[in-house]
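Heads up, the thing below is written out as structure tokens.
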Amino acid sequence: MNWEMLLLIAGMAVVTYIPRVLPFTILEGKDLPPFIQSFLSSIPYAVLGALIFPGILLIREGDIWFGLVGAFAAFALALAGANVMIVVIGSIIVLSGYMAVF
């Protein structure tokens, strides 16, 4: 591996590390207002929706119901207040059952 590649990797590591460490150092020991805490707690669900939505639009072998069943399972679990991992695992289980039936 040449030096240019190593410098490129090191530069990318620094650029991605800075935005991750800044909030921890700036906000350490400070309490955030309830509105901001509420906003930050809903970010994982927003990201999950952004990841799932394109998959809903992709038709698996001409079966649009596959995406809709997965979306319904994810939305139902998220509305029930389940953890993000439970939403993902639950959707996978539901879709596995759907694939076994159809």
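For reference, positions follow the sequence shown, starting with 1. Bear in mind the structure is a predicted one, so any value in this text is a computation, not a measurement.
Closest approach of A78 to V87, counting heavy atoms only: N-CG2, 3.8 Å. Across all non-hydrogen atoms, the minimal contact from L77 to G90 is CD1-CA, 3.7 Å. Heavy-atom minimum distance, F66 versus L95: O-CD2, 3.3 Å. When all heavy atoms of F24 and R20 are compared, the pair lying nearest together is CD1-O, 3.1 Å.
Note that the CG atom of L8 and the CE atom of M12 stand 4.0 Å from one another [nearest 0.5 Å].
For D31, there are no side-chain contact (heavy atoms from CB on, under 4.5 Å) partners two or more places apart in sequence or in a different chain. A76 is linked by a side-chain contact (heavy atoms from CB on, under 4.5 Å) to nothing, counting only residues two or more places apart in sequence or in another chain. Qualifying side-chain contact (heavy atoms from CB on, under 4.5 Å) partners for L22, counting only residues two or more places apart in sequence or in other chains: I18, T25, I26. Judged as a side-chain contact (heavy atoms from CB on, under 4.5 Å), and not counting sequence neighbours, the contacts of I36 are L32, P33, L40.
Heavy atoms from other residues, nucleotides or ligands lying under 6.0 Å from CD of Q37 number more than 12.
Hydrophobic cluster of I93: the remaining members, joined at side-chain heavy-atom separations below 4.5 Å, are M85, I89, listed by chain and number. Hydrophobic cluster of Y17: the remaining members, joined at side-chain heavy-atom separations below 4.5 Å, are V21, listed by chain and number.
Here the side chain of N83 pairs no donor or acceptor atom with the backbone of I86 at under 3.5 angstrom.
In the hydrophobic clustering of ILVMFWY residues, with side-chain heavy atoms under 4.5 Å counting as a link, L68 and M99 come out together. V101 and F72 fall into different hydrophobic clusters, where Ile, Leu, Val, Met, Phe, Trp and Tyr are joined by side-chain heavy atoms under 4.5 Å apart, directly or via other members. V94 and V88 fall within a single hydrophobic cluster, where Ile, Leu, Val, Met, Phe, Trp and Tyr side chains are chained together by heavy-atom contacts under 4.5 Å.
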